[in-house]
A.B. asks: 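What follows is a structure written as structure tokens; I'll ask about it next.
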Number of protein chains: 2
Amino acid sequence: MTQNSISDYIHELFTQFEPALKEKLIAHVTMKSFKAGELLMQTGQYFRSTVLIVKGRVKLYREGTDGDEFFMYYLEPGDACALSMICAAKQESSKIMGKAIDDSTILMVPIALMDELMKLYPSWYYFVMETYRSRFEELLLVIDSIAFNGLDERLGFYLKKQGEHLNAKQLNLTHQEIATDLNSSREVISRLLKKMEQRGEIRLYRNYIELLN
Amino acid sequence: MTQNSISDYIHELFTQFEPALKEKLIAHVTMKSFKAGELLMQTGQYFRSTVLIVKGRVKLYREGTDGDEFFMYYLEPGDACALSMICAAKQESSKIMGKAIDDSTILMVPIALMDELMKLYPSWYYFVMETYRSRFEELLLVIDSIAFNGLDERLGFYLKKQGEHLNAKQLNLTHQEIATDLNSSREVISRLLKKMEQRGEIRLYRNYIELLN
DNA sequence: AACGGCCGGTGACAAAAGTCACCTGATGTC
DNA sequence: GACATCAGGTGACTTTTGTCACCGGCCGTT
């Protein structure tokens, strides 16, 4: 993978933006990179920018008061972080954690620019609206899964989501990681995974899980 | 309570809107009333308008696949329904239920008007952004309560929220209603309420609960 | 090769939550 | 007043989930 410039990323990932908007962004955004495993955002942090993901995948977690973490969704190249928009707009902090799972790169759009972009560029306006919409829907799915389903169904939902976002049949996840993401415990997850294996839905190996179907 | 006109409601509840925006809205919104207990929106319904609440209180539920309902939050006069915005914008349906708990009135802003309002009136733009922001935060709190807390804490959280939104110390709720809202069962709720009473946090009566503290 | 750390498996038990059956007392209706 | 209905209480039991203790294998480091 070559080292892309801001301009490259914007032209590759945001083809729907009108040329003037792209130029505006190229002139004003700043780029920042993170190593796999690093935290992009932490509880209590204040945003002064809207964050666009241009490389790598980022896991977004909700943090509980006692340090628990609960996985909500992935951000991928071309996505904006809805929470950074919200927090940036109101200068508020939020109990959110973002963790890079690959080496990742983000672009930061200064909040001072947001109102102008919204007014001048319809494609930006639609992009922001679509970001809110899709994240809202995603949160509702998360609520569904914990409000209406047992841990076994949540686990299935979780594995399916992982498979989609990593687009792989082999998930490099330990039972402990899954347990943490679902705010459960390793033993319980191990047992449920074993049942799924017995039902022929997955196959278990050391350090990874193979999705069947 | 006198029968208010669209104009009355807009001038009373949306004082932050600039005069031209108020006039625009008055000219284009339609008003609709619901009796207590009626459903404002149902699973599968398509919105062709953004909904503003101007009278009464509305409970918003998420619906599960098997007809379960899970209470998320209240909408009050002056609020916009973020979900109606989202669904209207994309012409999608959503598994959402809204129930009027008082006699309620809403204003419906045609989606065709939305882009224009967003561009022309900064106060509308901020109102929409603030609506997304506050509902997003509210959903995150809901996720917190079900992801990190036991049913006992969720019940406390629920009662507190009810107290705030009904601004009363006496909650006219049956144990069955609470159980339904929390997607639990009456017996369990009864037992937990009894424990809260023993701890001196509430007092139980037939058909209502008194909040102490 | 020896060590320690990480990964996963397992049995026994405890706690939380849901379910079932049945009861009591209040309330409203005819 | 008789009756049905509704709100709520209670005990016994099951299921689900979490916890504890401990084991064994795999793997990297030295």
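Note that this is a predicted model, so its numbers are computed, not measured. Naming convention: chains lettered A, B, ... in sequence-line order (proteins, then strands); numbering from 1 in each chain.
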A.B. asks: Can you give each donor-acceptor pair under 3.5 Å made by side-chain atoms of residues 190-198 of chain B, sequence neighbours left out, with the distance rounded to 0.1 Å?
C.D. replies:
unit_1: S190(B); atom_1: OG; unit_2: H175(B); atom_2: ND1; d: 2.8
unit_1: S190(B); atom_1: OG; unit_2: R186(B); atom_2: O; d: 3.3
unit_1: E197(B); atom_1: OE2; unit_2: L204(B); atom_2: N; d: 3.0

A.B. asks: Would you say the side-chain atoms of N4(B) pair up with the backbone N or O of Y9(B), donor to acceptor, closer than 3.5 Å?
C.D. replies: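 Such a contact is absent between N4(B) side chain and Y9(B) backbone.
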A.B. asks: Please determine whether side chain to side chain contact (heavy atoms under 4.5 Å, CB included) holds for the pair F34(A) and I106(A), giving the CA-CA distance in whole Å, both sets of side-chain angles, and the decisive distance to 0.1 Å.
C.D. replies: CA-CA 8 Å; F34(A) 297 86; I106(A) 65 174; 3.7 Å; yes
A.B. asks: Salt bridge check: are K95(B) and D144(A) linked by an N-O gap of less than 4.0 Å?
C.D. replies: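 Looking at D144(A) together with K95(B), the answer is yes, because their closest N to O distance falls below 4.0 Å.
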A.B. asks: If you measure from CG on L117(A) to CD1 on I111(A), what distance do you get to the nearest 0.5 Å?
C.D. replies: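 Separation between the atoms: 12.5 Å.
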A.B. asks: For the atom pair NE2 (H11(A)) and CZ (F17(A)), what is the distance rounded to the nearest 0.5 Å?
C.D. replies: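 Here the interatomic distance stands at 11.5 Å.
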A.B. asks: Report the relative orientation of the aromatic rings in F14(B) and F127(B); use parallel for angles under 30°, tilted for 30 to 60°, perpendicular for over 60°.
C.D. replies: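 Answer is perpendicular, since the angle exceeds 60°.
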A.B. asks: Using the test side chain to side chain contact (heavy atoms under 4.5 Å, CB included), find all partners of T50(B) that sit at least two apart in sequence or belong to another chain.
C.D. replies: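 T50(B) satisfies side chain to side chain contact (heavy atoms under 4.5 Å, CB included) with S84(B), M85(B), V109(B), M114(B) only.
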A.B. asks: Is it possible for you to check whether R135(A) lies under 6.0 Å from the centre of the six-membered ring of Y73(A), through NZ or CZ, and within 45° of that ring's axis?
C.D. replies: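 Cation-pi check for R135(A) and Y73(A): passes.
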A.B. asks: With the threshold set at 4.0 Å, does a side-chain nitrogen-carboxylate oxygen contact exist between E38(B) and K35(B)?
C.D. replies: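 Answer for the salt bridge query: no.
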A.B. asks: Please identify each residue that fulfils salt bridge (charged side-chain N to carboxylate O under 4.0 Å, His left out) with K59(A), with sequence neighbours left out.
C.D. replies: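 Residues passing salt bridge (charged side-chain N to carboxylate O under 4.0 Å, His left out) with K59(A): D181(A).
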A.B. asks: May I ask you to list the residues of residues 149-163 of chain B, by number, that have any heavy atom positioned under 4.0 Å from an atom of DNA chain C?
C.D. replies: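 Heavy-atom contacts with DNA chain C come from G150(B), L151(B).
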A.B. asks: Is H175(A) close enough to dC6(C) that one of its side-chain N or O atoms is under 4.0 Å from OP1 or OP2 there?
C.D. replies: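 Indeed not, no polar side-chain atom of H175(A) lies that close.
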A.B. asks: Given atom CZ of R186(B) and atom C1' of dG18(C), what is their separation to the nearest angstrom?
C.D. replies: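 From R186(B) CZ to dG18(C) C1': 13 Å.
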A.B. asks: Report which part of the nucleic acid Y208(A) touches: base, sugar-phosphate, or nothing (heavy-atom distance under 4.0 Å, all strands).
C.D. replies: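 Counting heavy atoms under 4.0 Å across all strands, no contact is made by Y208(A).
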A.B. asks: Mind checking which nucleotides bracket the chain A contacts on DNA chain D, 5' to 3', with an atom under 4.0 Å from a heavy atom?
C.D. replies: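 Boundary nucleotides touching chain A, in 5' to 3' order, are dT17(D) to dC26(D).
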A.B. asks: Can you give the donor-acceptor pairs under 3.5 Å from side chains of residues 160-172 of chain A to other protein atoms, not counting sequence neighbours?
C.D. replies:
unit_1: K161(A); atom_1: NZ; unit_2: M72(A); atom_2: O; d: 2.8
unit_1: Q162(A); atom_1: OE1; unit_2: Y74(A); atom_2: OH; d: 2.4
unit_1: H165(A); atom_1: ND1; unit_2: E76(A); atom_2: OE2; d: 3.2

A.B. asks: Tell me if a side-chain donor or acceptor on S104(A) pairs with a main-chain N or O of A100(A) at a distance below 3.5 Å.
C.D. replies: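 Checking the backbone N and O of A100(A) against the side chain of S104(A), no donor-acceptor pair under 3.5 Å is found.
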A.B. asks: Using whole Å, what does the distance between atom P of nucleotide dG9(C) and atom CD of Q198(A) come to?
C.D. replies: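 Answer to the nearest Å: 11 Å.
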A.B. asks: Specify the separation, in whole Å, of atom CG of N172(A) and atom P of dC7(C).
C.D. replies: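 My rounded result for the distance is 12 Å.
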A.B. asks: What residues form a salt bridge (charged side-chain N to carboxylate O under 4.0 Å, His left out) with E177(A), not counting sequence neighbours?
C.D. replies: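 Partners of E177(A) under the salt bridge (charged side-chain N to carboxylate O under 4.0 Å, His left out) test: none.
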A.B. asks: Could you work out how much the helix from dA1(C)-dT30(D) to dC30(C)-dG1(D) bends, comparing the axis of its first five pairs with that of its last five, to 10°?
C.D. replies: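 About 30° separates the two local helix axes.
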A.B. asks: Under the rule for side chain to side chain contact (heavy atoms under 4.5 Å, CB included), what residues qualify as partners of K99(B), not counting sequence neighbours?
C.D. replies: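 Residues passing side chain to side chain contact (heavy atoms under 4.5 Å, CB included) with K99(B): L39(B), Y61(B), E69(B), M97(B).
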A.B. asks: Detail all sub-3.5 Å separations between protein N/O atoms and N/O atoms belonging to nucleotides 23-28 of chain C.
C.D. replies:
unit_1: dG25(C); atom_1: N2; unit_2: R206(B); atom_2: NH1; d: 3.3

A.B. asks: Examine dA17(C): is either OP1 or OP2 under 4.0 Å from a nitrogen or oxygen in the side chain of S184(B)? Give yes or no.
C.D. replies: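 For dA17(C), OP1/OP2 do not have a side-chain N/O of S184(B) under 4.0 Å.
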A.B. asks: Tell me the interatomic distance from E197(A), atom CD, to dG8(C), atom C1', rounded to whole angstroms.
C.D. replies: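 In whole Å, dG8(C) C1' lies 12 Å from E197(A) CD.
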A.B. asks: Among all residues two or more places apart in sequence or in another chain, which pass the side chain to side chain contact (heavy atoms under 4.5 Å, CB included) test with L212(A)?
C.D. replies: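 L212(A) satisfies side chain to side chain contact (heavy atoms under 4.5 Å, CB included) with R203(A), E210(A) once adjacent residues are dropped.
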A.B. asks: Tell me which residues in residues 187-196 of chain A put a heavy atom below 4.0 Å from DNA chain D, sorted by number, or none.
C.D. replies: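 Contacting residues: E187(A), V188(A), R191(A).
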A.B. asks: Which is true for S185(A) with a 4.0 Å heavy-atom rule: it touches a base, it touches only sugar-phosphate, or it touches nothing?
C.D. replies: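 If one applies the 4.0 Å heavy-atom cut-off, S185(A) turns out to touch a base.
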